[in-house]
Protein chains: 2
Amino acid sequence: MMNHASTRRPQRRALETRARLIEAAIGEFAEKGFEGASTGEIASRAGVAQSAVPYHFGTKDLLWKAAGEGLFGLLRERLGARLAGLDGVDVLTTARLLLTEFVRFAAAHPELHRFMLQEGTGPSERLEWLVAKHVVPMASVLEGVFQGIESLGGPSPGPMTHVFYVLIGAVSTPYALAPQVRLATGEDPFSEDYIEAHTEMMLRLFIPSLPDSDG
Amino acid sequence: MMNHASTRRPQRRALETRARLIEAAIGEFAEKGFEGASTGEIASRAGVAQSAVPYHFGTKDLLWKAAGEGLFGLLRERLGARLAGLDGVDVLTTARLLLTEFVRFAAAHPELHRFMLQEGTGPSERLEWLVAKHVVPMASVLEGVFQGIESLGGPSPGPMTHVFYVLIGAVSTPYALAPQVRLATGEDPFSEDYIEAHTEMMLRLFIPSLPDSDG
DNA sequence: AGCTAAATTAATCGAATGATGAACCACGCC
DNA sequence: GGCGTGGTTCATCATTCGATTAATTTAGCT
């Protein structure tokens, strides 16, 4: 499994295969779940031999965790960059822009929600890892923002822990179910029109509009 | 595969195993998806031999469809019974009660949403079957109800085809992700308190409150 | 340039999967 | 009450899966 605690620099090509394997794994795991995805298909999608998987990651389980790491890395990066430019901006605007960013992320990376859904259905060691390592930290960041809203006296939609999953579901379900949406409604959730309408709907549903701050 | 176009009455025990297999299949497919679930585990969960599956259903694929049939049957039954008692009641109250019923159904049968999610991730013959046979008919029933709301001039949340999936996601995500919710927040989405709070939140989010009709 | 460790692949293994067919059992029907 | 079909299981097959191993190629280091 590449246990080389050694002095040599990793080859460039190796980093590339690793990256391509992770990307392919994200897609496969998101589509078919942990048990439904096969390392062979993942490797084929990445253009390498199946045995490259246990070499680079040791185990299908560890490949899955690397994929989760990659996905949440993208989300952290994106939301972090958004938050970084908002120092000092009022809470309501911050929340609005953050939610907008989240909607666009869900549209750009529907795999994240699918990935979590695939693992969220039953208790498992993988789920515990996911929650402890990524979900809880992410949630506590958002908690700060939304607590600020409540302190404004706006109509809070409810306790944070509850709103959290309702919001996630409302935002990302059209993307997690994109193929079904297309079949059932004929609309394309990834079109710019849909994304804008969806953003607007989410803002209207979840961000209280204080009497003065509209516009 | 039980191709008996014949005269004999089916034995009582056969119907029972069929039913138990379907119930087990619903659980397994909802948890692990089509490819992740195994007919052996399903049979074991139902207390019969693995070969009983191909006997009764012919194919894993057909077993899956039977499971979908069963799930949507439950939903139709429940919503149908609710609607039957509401003839002549005003649209807003109808919508409120229907949504309440849907929340309680999502809590009682989280497998439905999980089942749909598992199959909604990629195009497949199974997805086409699901949409054509169950999703579209179900949606067109609801469409009638919500079109009535718009005609009242209440603040419509948006076009039906869009609201549809947002609502589904908001309502059922806490239940589809119940194990994760428990791990991350310590709350139990199936507790009566949570269900009531969730119902209230869904009503507040999705049913417009006309100036007069509150209470 | 040459040595050597790292990276990749091909070959293979044991376990699990879905399906088939034969043997056995049980129940509806007359 | 026993005949016969419907129902169930057991044994088995071909396939697929994840992982291990050995052999081969690639590239970092001096």
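All chains are named by letter (A, B, ...) in the order of the sequence lines, taking the proteins before the strands, and each is independently numbered beginning at 1.
One atom, CD of A:Glu16, and another, C1' of C:dA6, lie 16 Å apart when rounded to the nearest Å. Rounded to whole Å, the distance from CD on A:Glu28 to P on D:dG18 is 10 Å. If you measure from atom CZ of A:Arg20 to atom C1' of C:dA7, you get 13 Å, rounded to the nearest angstrom. Across the protein-nucleic acid pair, A:Trp64 atom CH2 and D:dG18 atom P stand 16 Å apart, rounded to whole Å. Atom P of nucleotide D:dG6 and atom CZ of B:Arg18 are separated by 15 Å, given to the nearest angstrom.
A salt bridge links A:Glu16 and A:Arg20; the closest N-O separation between the charged side-chain nitrogens and carboxylate oxygens is under 4.0 Å.
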request  = Using a 4.0 Å cut-off on protein heavy atoms (strictly under), produce a 5'-to-3' string for nucleotides 16-23 of chain C with B for base contact, S for backbone-only sugar-phosphate contact, and - for none.
outcome  = -SBBB---
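Under the salt bridge (Lys or Arg N to Asp or Glu O under 4.0 Å) criterion, B:Lys32 pairs with B:Glu28, not counting sequence neighbours. In this structure A:Arg182 satisfies the salt bridge (Lys or Arg N to Asp or Glu O under 4.0 Å) test together with A:Asp188, sequence neighbours excluded. Contacts of B:Phe105 classified as ring pair (Phe, Tyr, Trp, His ring centres under 6.0 Å), with partners at least two apart in sequence or in another chain: B:His109. For A:Glu69, the salt bridge (Lys or Arg N to Asp or Glu O under 4.0 Å) partners at least two apart in sequence or on another chain are A:Lys133. Partners of A:Phe115 by ring pair (Phe, Tyr, Trp, His ring centres under 6.0 Å), not counting sequence neighbours, listed by chain and number: A:Trp64. Evaluation of the ring pair (Phe, Tyr, Trp, His ring centres under 6.0 Å) rule for A:Phe102 yields no partner, not counting sequence neighbours.
Pairs engaging residues 189-201 of chain A under the salt bridge (Lys or Arg N to Asp or Glu O under 4.0 Å) rule: A:Arg104-A:Glu192 [sequence neighbours left out].
Within residues 119-130 of chain B, no residue is approached by DNA chain C to less than 4.0 Å at the level of any non-hydrogen atom.
Between B:His56 and the phosphate of D:dT8, there is a side-chain N or O to OP1/OP2 separation shorter than 4.0 Å.
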